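Note that the structure is a prediction, hence the values are computed from the model and not measured. All values below were derived from every heavy atom in this structure, side-chain atoms included, with hydrogens, water molecules and symmetry-related copies excluded. Residue indices begin at 1 and follow the sequence shown.
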Amino acid sequence: MLFLTRIPAAGVVALRQGCSCAVAGVLNQPSRSNSSSSSSPTPPNRRTPLELLQDKLSRGEIRPDPHQNQITEALQKVYDSIQGYEPPKPTGGIGKWFGFKARKAEKVEAPKGLYIYGSVGGGKTMLMDMFYDCCEINRKRRVHFNSFMTDVHTKIHEIKSKQVRDVTSTKPQPFDPIKPVAEIITADSWLICFDEFQVTDIADAMILKRLFTYLFDSGVIVVATSNRAPDDLYKNGLQRSNFVPFIGVLKSHCNVVTLSSGVDYRTATLKGEGMHYFVKSEVDADGAMDKLFKVLCSQENDLIRPKTFTHFGRNISFAKTCGQVLDSTFDELCDRPLGASDYLQITQFFHTVLIRDIPQLNLKLKSQTRRFITLIDTLYDSRVRLVVSSDVPYKFLFSNEKPDDIHTSDEHRMLMDDLKITKDSQDASSNIFTGDEEAFAFERTVSRLAEMQSAEYWSLWEKHR
């Protein structure tokens with residue numbers, strides 16, 4: 001058995017789960033990166049977002065869309081406003097974070113960013129990536145929001161572990177780890193482009209106002225895509241009243257625009273290959289998967305063997321791999337307590353993932369459904385190739401009919417106990433318990449599965465790598 005200990009740069013926190021929102025509007029969009037970038041490729045001839053959009057139109061890469069043009073005009077305004085702008089870089093060592101007499105930093109007046117929301121597959125991420133590529137800035141970062149928050153929680157843990165305690169005092173020492181984390185982020189990037197801005201985790205919801213207040217006060221500019229309008233973020237979430245002030249902070253620093261073309265370009269441009277999604281009732285799915293795995297293995301310089309990842313003190317084992325190809329099952333990936341950080345780890349080692357025996361998902365399988373959504377989001381954003389066998393076609397993979405015997409899972413019951421939530425309280429109807437968030441997010445998952453089975457998507461791996 002082969003043990004691997006490589007840790008991805010994004011940072012991780014075990015067992016965190018999350019759902020995210022939709023991205024690109026066309027199949028042949030630019031490749032992406034989840035990590036911060038100190039130097040990015042300079043676009044030819046230093047084109048602006050509007051010029052780059054026109055270039056794509058003239059070459060027939062995308063279709064004319066007045067809604068996308070309006071969003072690009074809004075991005076152009078942000079692009080123009082940041083020319084010559086650069087906030088000061090935070091300075092000082094870790095010691096200043098634990099002092100009680102630290103000088104209060106002055107707020108930086110920064111241009112407004114942009115928050116783009118709309119339905120799945122409309123081209124939000126494609127347009128944001130165009131903007132990002134046009135910005136000739138050293139301190140910039142383009143990141144999936146779920147990965148960003150995983151990294152934030154990791155940094156919080158690291159800062160807390162380094163806190164110097166006064167052993168002569170019996171009183172608790174006041175210390176907020178959010179500010180030093182915000183300074184670390186600001187020192188690295190003052191322009192942050194978030195893909196799939198979505199809040200589903202109570203741990204995220206409780207710190208976002210403080211975190212982003214520090215970021216905005218330091219001069220950080222945010223451009224984000226989302227499926228939800230700002231006022232609908234963390235909708236019906238646990239203890240949402242504590243989260244609501246963040247919405248005002250976000251809207252005061254970002255102009256809000258919507259992309260509502262009503263077209264899902266991912267499914268509209270799909271040519272119907274379907275060669276990487278096998279419905280068990282229609283074909284010999286196991287035979288087809290075995291054949292494809294054999295072909296993929298012939299291209300790897302390795303043997304078929306199990307692998308175990310040692311990931312922040314935990315072992316995550318898979319029974320069947322070959323080189324950078326993982327042959328797994330739905331139970332291996334989604335019926336174990338895995339989260340976004342674990343799925344990010346998978347993208348570091350595998351360029352192709354086979355998932356066998358996906359059942360039709362429903363509200364009775366909320367935890368597994370949430371993990372599956374997070375898994376697909378993570379694989380998609382890293383351009384990992386996907387092969388699937390399922391009981392039903394991808395369009396019918398999720399049923400929002402509530403089973404009669406639906407019950408509260410053990411993990412949700414423990415969460416309710418920790419938060420002192422009774423079955424009759426208002427928080428008991430939160431979407432984390434009802435499954436409404438999964439139902440909303442699965443529309444994006446279906447759209448992505450459609451693209452991920454196409455030949456165009458598979459060809460993007462080499463460019464992304």
S.K.: Quiz question: by atom type and distance under 3.5 Å, do the side chains of His351 and Glu300 form a donor-acceptor pair?
M.R.: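 Short answer, yes.
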S.K.: Output all residues satisfying side chain to side chain donor-acceptor pair (under 3.5 Å) with Tyr115, sequence neighbours left out; order by chain, then residue number.
M.R.: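 Only Ser226 meet the side chain to side chain donor-acceptor pair (under 3.5 Å) criterion with Tyr115.
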S.K.: Does Gln360 have any side chain to side chain donor-acceptor pair (under 3.5 Å) partners at least two apart in sequence or in another chain, and if so, which?
M.R.: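 Once residues adjacent in sequence are excluded, Gln360 has no partner under the side chain to side chain donor-acceptor pair (under 3.5 Å) criterion.
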S.K.: Checking salt bridge (charged side-chain N to carboxylate O under 4.0 Å, His left out) for the pair Lys294/Asp290: CA distance, chi angles, key distance, verdict?
M.R.: CA-CA 6 Å; Lys294 184 176 180 180; Asp290 290 342; over 6 Å; no
S.K.: Taking the side chain as C-beta and beyond, is there a heavy-atom pair between Val108 and Val220 under 4.5 Å?
M.R.: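 Counting from C-beta outward, Val108 and Val220 never come under 4.5 Å.
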S.K.: I want to check something: taking the side chain as every heavy atom from C-beta on, are Met128 and Lys124 in contact at a cut-off of under 4.5 Å?
M.R.: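 When only atoms from C-beta onward are counted, Lys124 and Met128 do not touch, as no gap falls below 4.5 Å.
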S.K.: Not counting sequence neighbours, which residues clear side chain to side chain contact (heavy atoms under 4.5 Å, CB included) with Ile156? List them please.
M.R.: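 Counting only residues at least two positions away or on another chain, Ile156 forms a side chain to side chain contact (heavy atoms under 4.5 Å, CB included) with Val152, Lys160, Pro177, Ile178, Val181, Ile207.
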S.K.: Under the rule for side chain to side chain donor-acceptor pair (under 3.5 Å), what residues qualify as partners of Ser218, not counting sequence neighbours?
M.R.: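 If we apply the side chain to side chain donor-acceptor pair (under 3.5 Å) test to Ser218, skipping adjacent residues, there are no hits.
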S.K.: With sequence neighbours left out, write down each residue that passes side chain to side chain donor-acceptor pair (under 3.5 Å) with Asp217, or none if nothing qualifies.
M.R.: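 Partners of Asp217 under the side chain to side chain donor-acceptor pair (under 3.5 Å) test: none.
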S.K.: Does the side chain of Ser189 pick up a donor-acceptor pair with the side chain of Arg141 at under 3.5 Å?
M.R.: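 Looking only at side-chain atoms, Arg141 and Ser189 do not form any donor-acceptor pair under 3.5 Å.
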S.K.: Please, which pairs that meet salt bridge (charged side-chain N to carboxylate O under 4.0 Å, His left out) have at least one residue in residues 78-87, sequence neighbours excluded?
M.R.: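 Every pair satisfying salt bridge (charged side-chain N to carboxylate O under 4.0 Å, His left out) with a residue in residues 78-87: Glu86-Arg139.
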S.K.: Taking atom OH of Tyr380 and atom NE2 of His144, what is their separation to the nearest 0.5 Å?
M.R.: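 Answer for the OH-NE2 pair, Tyr380 versus His144, is 10.5 Å.
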S.K.: Over 60° means perpendicular and under 30° means parallel, so tell me whether Phe318 and Phe309 are parallel, tilted or perpendicular.
M.R.: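 The arrangement is perpendicular - the two ring planes meet at more than 60°.
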S.K.: Do the side-chain N and O atoms of Thr225 and Asp195 include a donor-acceptor pair separated by under 3.5 angstrom?
M.R.: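 Yes, because at least one side-chain N or O of Thr225 sits under 3.5 Å from a partner of the opposite role on Asp195.
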S.K.: Output the distance between atom CG (Leu233) and atom CD (Gln198), rounded to the nearest 0.5 Å.
M.R.: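 Taking CG in Leu233 and CD in Gln198, the distance rounds to 6.5 Å.
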S.K.: Does the cation-pi check pass for Lys140 over Tyr132, that is, NZ or CZ under 6.0 Å from the six-membered ring centre and within 45° of its axis?
M.R.: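 Checked: cation-pi criterion met.
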S.K.: Between Thr352 and Gln324, is there a side-chain heavy-atom distance shorter than 4.5 Å?
M.R.: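 No, side chains not in contact.
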S.K.: Rounded at 0.5 Å granularity, tell me how far OG1 in Thr374 sits from CZ in Arg371.
M.R.: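 Those atoms lie 9.5 Å apart.
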S.K.: Say whether, by atom type as modelled, one donor and one acceptor occur between the side chain of His253 and the main chain of Val249 under 3.5 angstrom.
M.R.: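 Indeed, once roles are kept as given, a pair shorter than 3.5 Å links the two residues.
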S.K.: Please name all residues satisfying ring pair (Phe, Tyr, Trp, His ring centres under 6.0 Å) with Phe243, sequence neighbours left out, ordered by chain then number.
M.R.: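 Partners of Phe243 under the ring pair (Phe, Tyr, Trp, His ring centres under 6.0 Å) test: Tyr234, Phe246.
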S.K.: Return the set of residues passing side chain to side chain contact (heavy atoms under 4.5 Å, CB included) with Ala288 (not counting sequence neighbours), or none when no residue passes.
M.R.: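 Listed in chain order: Phe278.
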S.K.: Does some side-chain heavy atom of Ile376 sit less than 4.5 Å from a side-chain heavy atom of Leu386?
M.R.: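 With C-beta onward as the side chain, the pair touches.
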S.K.: With side chains defined as the heavy atoms from C-beta onward, is the minimum distance between Phe293 and Cys322 less than 4.5 Å?
M.R.: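 SC-SC contact between Phe293 and Cys322 confirmed.
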S.K.: So, do Val388 and Gln453 sit near enough that their side-chain heavy atoms are less than 4.5 Å apart?
M.R.: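 No; the side chains remain at least 4.5 Å from each other.
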S.K.: For a 4.5 angstrom cut-off between non-hydrogen side-chain atoms, does Phe350 reach Thr321?
M.R.: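 In short, these two side chains touch, coming nearer than 4.5 Å.
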S.K.: Does Lys280 form a salt bridge (charged side-chain N to carboxylate O under 4.0 Å, His left out) with Asp357? I'd like the steps, not just the answer.
M.R.: CA-CA 8 Å; Lys280 295 165 70 173; Asp357 304 323; 3.0 Å; yes
S.K.: Suppose we screen for ring pair (Phe, Tyr, Trp, His ring centres under 6.0 Å). Which residues come up paired with Tyr85, at least two apart in sequence or across chains?
M.R.: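 Once residues adjacent in sequence are excluded, the partners of Tyr85 under the ring pair (Phe, Tyr, Trp, His ring centres under 6.0 Å) criterion are Trp190.
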S.K.: Can you name the residues that form a side chain to side chain contact (heavy atoms under 4.5 Å, CB included) with Gln83, not counting sequence neighbours?
M.R.: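 Scan of Gln83 (side chain to side chain contact (heavy atoms under 4.5 Å, CB included), adjacent residues dropped) gives Tyr79.
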S.K.: Identify, with sequence neighbours excluded, every residue that meets side chain to side chain contact (heavy atoms under 4.5 Å, CB included) alongside Val279.
M.R.: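 For Val279, the residues satisfying side chain to side chain contact (heavy atoms under 4.5 Å, CB included) (neighbours in sequence not counted) are Tyr277, Ser281, Glu282, Pro393.
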S.K.: Using the ring pair (Phe, Tyr, Trp, His ring centres under 6.0 Å) criterion, which residues pair with Phe145? Sequence neighbours excluded.
M.R.: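 With neighbours one apart ignored, the set is Phe194, Phe197.
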S.K.: Is the shortest side-chain heavy-atom distance between Leu114 and Cys254 below 4.5 Å?
M.R.: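 With C-beta onward as the side chain, the pair stays apart.
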